[in-house]
Structure formats: structure tokens, C-alpha cells
Amino acid sequence: LFCCNSMLYGYSVLYGVEAAVNLFYQMPEHDDVSWSTMISLSSQHGYGSKALNMFVEMWNQGFMPNSMTYASVIRACTGLYDLDWGCHLYARILRMQSSLDAYTGNALIDMYAKLGLLDSARRVFDSLTEHNVVSWTSLISGNVQFGCIEQAVALFNQMKKAPLFPDAITVSTVLGGCTSYKEITLGMQLHGYTVKTGADSLTTVGNALITMYGKVGDVCSAETQFDLMPIKDIISWTAVITALSQNSD
RNA sequence: UACCGUUGCCG
């Protein structure tokens with residue numbers, strides 16, 4: 001059983017999730033680990049309804065989901081835009097585990113944020129005893145995506161006062177907001193912040209900066225940023241080419 | 001053994 005559990009993950013990497021599912025059903029017996037592994041693999045690879053079905057099956061057979069299992073199923077709900085199931089899981093977690101932890105809490109924040117229920121996302125956020133960089137970024141991302149850029153920035157500034165630092169993903173998220181809403185003044189302030197912290201040399205952050213300058217027609221800054229970057233990936237190249245082509249002279 | 005957030009283009 002132990003060997004099979006390790007093989008489930010290996011199978012999904014080598015042959016795809018379907019192969020892992022087949023292996024799973026060929027196993028003579030299952031335990032919480034096998035179930036949880038399959039559920040997280042399924043939700044990670046976009047097989048959301050498969051993940052939900054397996055969760056029900058697992059539950060009916062009397063196995064105990066842990067917070068990572070719950071987080072995986074919530075992620076599945078997020079991908080399926082299945083708010084009913086998500087709320088149901090929320091209630092069930094509170095019933096079974098009495099409180100949210102970092103995994104379930106962040107998964108719920110992400111779910112509400114992606115579905116545009118920013119107030120609910122905020123309530124979950126506030127109910128957590130501890131916030132990590134993912135909690136903050138998920139909430140910020142929701143506000144960016146649903147047009148509350150000023151609220152996103154307010155959160156970002158609040159976060160800088162918290163005992164943890166925004167990472168590359170947090171900064172890229174806010175920069176993405178500046179791009180969408182053409183908030184160039186704000187974007188340039190953020191650019192200054194990234195230079196100060198050295199974050200501008202990180203590929204994700206640099207990519208977001210290239211895109212932002214390209215979008216507002218500042219090809220020169222876009223190119224400069226591109227040239228400054230020590231590590232360029234496929235996104236850097238696409239972003240700079242897009243910037244150049246959309247501002248052709 | 002597995003959890004959650006991000007940046008370009010195309011679909």
C-alpha cells in the first residue's frame with residue numbers, strides 16, 4: 001500500500017492523471033493517503049469534478065480528509081465555479097476541524113476572490129489567526145481582478161507593515177492591476193519599490209513591468225526593463241515583442 | 001504522499 005501511494009504521484013508525472021486514476025482503482029486497498037493524493041492530483045490537473053466525486057466516495061467509505069484534502073477539493077470548486085459545494089465544504093471544515101488553518105483558509109480566500117465575492121474573501125481572511133504571503137496575495141488578486149485597484153493597493157501597503165514581505169508574485173499581481181487599469185503613476189511608484197528591493201531583476205516581476213510599459217505605450221522603458229533582466233523566459237520575450245508590435249512606428 | 005496566490009501570447 002505504501003509503495004502504491006508513492007507510485008500514484010509518479011504515474012501522474014510520467015503517464016498523466018488518467019493513468020494514476022487507473023492505478024488507484026486497481027489497488028487492492030486504499031487509505032487516507034491514497035485518497036488525498038488522488039484528489040489533489042485531480043484538482044491540480046483540472047479534473048475538478050473527478051476530485052469532487054472522489055471526495056464523496058472517500059467520505060462515504062469512512063476515510064478522514066485532512067486540511068490538505070479539503071484545500072484540494074476547494075480548489076476544485078474554484079475551478080468549477082461551484083460556490084454551493086465550496087460553501088458546503090467551508091461549513092463541513094468548521095464542523096470537523098473547528099477552525100480554518102493556513103491551507104483551508106487560503107484555499108477559501110482564493111475561491112471567494114476568484115468568484116468575485118470580495119466581502120466573503122475578506123471575512124475569511126479576517127477570521128484567520130495568521131496570515132502568510134499567500135493569504136495576502138489571494139485577497140489582493142481578487143481585488144485587482146474585480147476592479148478594486150485602490151483597495152488592492154491599500155492591502156499591499158498594509159502588508160508591507162505586517163511582519164512579512166510581499167514576494168515576487170504579490171508585486172506582479174499589483175503591477176498586473178496597474179496594467180489593466182492603466183494606472184501608470186501607481187505603476188511607476190511600484191517600479192521604484194521593486195528597484196529598491198531588487199525585485200525588478202526577478203523574472204516574474206520584470207515580465208509584469210515590461211507588459212505594463214508596453215501597454216501604456218512606453219516602449220523605451222519596456223525595452224530597458226527587458227535588457228536589464230538577468231534571466232529571461234518565454235514570457236519576457238513574448239511580452240517585449242508584443243510591446244514592440246503594438247507600438248510599431 | 002499531497003495544499004493555496006502571480007506575469008505574456010494564443011485558444
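The shown structure was predicted, so the numbers you read here are calculated from the model rather than taken from an experiment. Letters A, B, ... mirror the listed sequences (proteins, then strands); counts begin at 1.
Taking a 4.5 Å side-chain heavy-atom cut-off between Ile, Leu, Val, Met, Phe, Trp and Tyr, the cluster of Y103(A) extends to M68(A). Counting side-chain heavy-atom gaps under 4.5 Å among Ile, Leu, Val, Met, Phe, Trp and Tyr, the cluster of I234(A) also holds I235(A). Clustering of Ile, Leu, Val, Met, Phe, Trp and Tyr by side-chain heavy atoms under 4.5 Å joins M229(A) with I210(A), F226(A), W237(A), V240(A), I241(A).
Under the ring pair (Phe, Tyr, Trp, His ring centres under 6.0 Å) criterion, H88(A) pairs with W85(A), sequence neighbours left out. The ring pair (Phe, Tyr, Trp, His ring centres under 6.0 Å) test applied to Y90(A) returns no partner, not counting sequence neighbours.
Only at 4.0 angstrom or more do the heavy atoms of residues 50-61 of chain A sit from any atom of RNA chain B, so none qualifies.
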Can you give each donor-acceptor pair under 3.5 Å made by side-chain atoms of residues 142-149 of chain A, sequence neighbours left out, with the distance rounded to 0.1 Å?
residue: N143(A); atom: ND2; partner: L139(A); partner atom: O; Å: 2.9

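For residues 35-49 of chain A, there are no salt bridge (charged side-chain N to carboxylate O under 4.0 Å, His left out) pairs, not counting sequence neighbours.
Atom OH of Y70(A) and atom C1' of rC3(B) are 14 Å apart (whole Å).
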- In the 5'-to-3' direction, what one-character label does each nucleotide of nucleotides 4-10 of chain B receive under the scheme B = base within less than 4.0 Å of a protein heavy atom, S = sugar-phosphate only, - = no such atom? BBBBBS-
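Residues F55(A) and W35(A) keep their aromatic ring centres 6.0 Å or farther apart.
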